[in-house]
There are 2 protein chains.
Amino acid sequence: MAARVNAAGLRRDLEILDVLAHEAGPRGEPLGVTRVAELVGREKSQISRALSSLAEEGLVERDDRSSGYRLGWRLYALAARTFESRLVAIATPYLRAVVTRVQETTVLCVLRGDDVLTIASETPPHAFRGVGWEGVSVPAAATSAGRVLVSDWDADTIRSFFTERKLAAAGEHPAIRTPDQLLAELERIRARGYATVDEEFEHGVVGCSAPVRDFNGRIVAAVNITAPKTRLGERLDAAGRFVANAAQQLTRRLVESR
Amino acid sequence: MAARVNAAGLRRDLEILDVLAHEAGPRGEPLGVTRVAELVGREKSQISRALSSLAEEGLVERDDRSSGYRLGWRLYALAARTFESRLVAIATPYLRAVVTRVQETTVLCVLRGDDVLTIASETPPHAFRGVGWEGVSVPAAATSAGRVLVSDWDADTIRSFFTERKLAAAGEHPAIRTPDQLLAELERIRARGYATVDEEFEHGVVGCSAPVRDFNGRIVAAVNITAPKTRLGERLDAAGRFVANAAQQLTRRLVESR
DNA sequence: ATGATGGTTGCTCTGACGGCAACTGATGCG
DNA sequence: CGCATCAGTTGCCGTCAGAGCAACCATCAT
């Protein structure tokens with residue numbers, strides 16, 4: 001509401017971009033000026049000029065041979081840059097939803113190098129504010145979050161990334177000691193939609209995680225719960241399903257909904 | 001160049017979005033009106049109104065508690081439909097394959113104006129996520145990626161694009177100082193299938209790149225490795241062949257997936 | 001209270017854009 | 001070859017939307 005500026009121009013430009021996004025899409029053929037004009041219901045002269053401006057700023061690109069337009073690189077550059085920031089901002093309610101259901105600290109993790117980095121966390125009332133903002137833990141396939149974060153890698157990469165030595169060195173009681181075991185586990189994770197670990201990384205500690213994806217479908221983060229087995233042990237699978245559900249909703253929210 | 005419409009408003013809006021993207025950063029807090037106004041050098045009243053409009057269209061979102069702004073859902077929705085997005089989605093496994101072989105950060109670049117824009121990167125374990133999403137560097141023929149990206153241009157275009165002055169100004173130790181030298185180098189690149197540079201752009205840094213083509217056969221991106229000479233120097237040509245191989249596979253995949 | 005800082009709103013005058021129509025240029029057809 | 005059609009660009013003018021300034025709120029610290 002309230003005061004607006006450039007409302008008309010902005011709306012026109014966005015109508016154009018939307019038309020290009022939906023009608024043409026990345027795989028579709030570029031759209032011509034007249035076609036766009038029809039679809040947004042405006043003067044083609046306006047569309048011609050507007051597309052010129054948009055092209056000059058890199059928001060759309062002109063295909064040389066067909067002289068049609070499609071979405072430009074700049075949109076990608078803008079969005080890619082702040083993705084994590086937005087992730088953190090949006091994740092909170094979903095993390096909290098899990099917290100209220102499970103009553104355990106719930107965190108959001110990303111992969112940095114070969115460490116799992118926590119970028120957001122929500123704690124239940126009455127819980128001591130634990131690590132919170134940024135803990136770095138060894139993922140090396142001994143944590144559920146780490147496994148989830150690599151669960152869309154191909155087998156070759158996994159094999160070269162996780163050597164046996166590395167696997168054995170991860171965690172106190174690694175249940176997974178060979179790349180093949182890891183690959184089998186990743187398959188299970190993909191099938192179930194969430195991962196669980198039982199005292200592998202640390203004695204008495206269990207955890208579950210589920211993947212969050214970006215607009216490319218790539219796994220960019222994991223929603224994770226880590227808690228003492230005495231508290232969470234019985235409910236671990238139930239918690240896993242909650243976490244998976246939250247991660248899915250978060251994924252959807254990230255790209256589409258308003 | 002050509003007629004423009006809404007040029008002023010569009011540019012202002014994009015300046016704002018750029019500021020939000022860059023200044024807010026990965027971990028960034030939302031930015032307030034005054035801060036944005038300073039950064040883009042405009043009247044805060046304009047920024048206030050412009051942000052209102054942008055928020056109404058979903059290009060930015062207002063953070064309730066801090067009353068600051070950050071990029072909004074709509075940008076991500078649009079970004080998902082760009083060609084770059086598709087490229088990144090498909091390229092990731094191939095980049096990772098190179099990383100596991102060479103153990104160096106591998107990136108995917110496209111040409112934007114006369115800059116090289118990194119649109120995706122994969123890092124080996126134990127590398128700190130450096131630039132990550134997108135950096136902009138001066139290619140002007142002093143980087144391997146830049147040379148690869150222009151290696152299918154015709155001689156006239158090259159000559160008019162890269163003046164001697166421009167060539168001399170690029171990099172610390174430009175080995176290529178005239179258009180003719182550049183053309184000869186491009187010929188070598190085409191013959192070998194990949195490009196290498198040795199401390200030209202920056203002292204102590206070497207790199208190699210290979211072209212990715214679309215279904216028209218046009219070069220649309222480059223797979224690139226840039227690393228300290230002390231680490232990669234000996235293996236530079238081997239790395240070049242890996243990169244070329246990955247780029248070819250990616251090209252094939254890109255064409256098949258239509 | 002006072003002042004500082006961040007954000008919104010009223011107001012006027014200017015210049016940028018909407019709409020139309022003429023123009024260019026490619027393509028097709030008898 | 002001439003004519004018709006369609007796609008895209010450009011010139012023109014009156015009108016309306018926005019740049020800029022300053023006044024006005026809201027919040028917080030001293």
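The sequence lines fix the lettering, A, B, ..., with proteins before strands; numbering per chain opens at 1.
Side-chain contact between B/Ile176 and B/Arg147: present, with at least one pair of heavy atoms (C-beta onward) separated by less than 4.5 Å. At least one side-chain heavy atom of B/Leu31 sits under 4.5 Å from a side-chain heavy atom of B/Leu39. In this structure the side chain of B/Val107 never reaches within 4.5 angstrom of the side chain of B/Leu95, judged on heavy atoms.
Here the P atom of nucleotide D/dA7 and the CD atom of A/Glu43 are 15 Å apart, to the nearest Å. As a whole-Å value, the separation of A/Leu31 CG from D/dG8 C1' is 15 Å.
Between A/Gly9 and A/Gly68, the one whose closest nucleotide on DNA chain D sits nearer the 5' end is A/Gly68.
In the set D/dA7, C/dC20, C/dG10, D/dA7 carries the atom at the smallest distance from any side-chain atom of A/Lys44. Nearest to the side-chain atoms of B/Ser48 among the listed nucleotides D/dT9, D/dT10, C/dT8 stands C/dT8.
Not a single donor-acceptor pair, N or O on each side, falls under 3.5 Å between the base of C/dG19 and the side chain of A/Arg12.
Counting heavy atoms of neighbouring residues, nucleotides and ligands inside a 6.0 Å radius, atom CZ of B/Arg42 exceeds 12 of them.
Using a 4.0 Å cut-off between charged nitrogen and carboxylate oxygen, A/Arg12 and A/Glu15 do not count as a salt-bridge pair.
Seen from the ring of B/Tyr94, B/Arg253 does not count as a face-on cation partner, given the 6.0 Å and 45° thresholds.
The stretch residues 32-42 of chain B does not touch DNA chain D, since none of its heavy atoms comes less than 4.0 Å from the strand.
Put simply, A/Arg62 has no side-chain N or O that comes within less than 4.0 Å of OP1 or OP2 on D/dG8.
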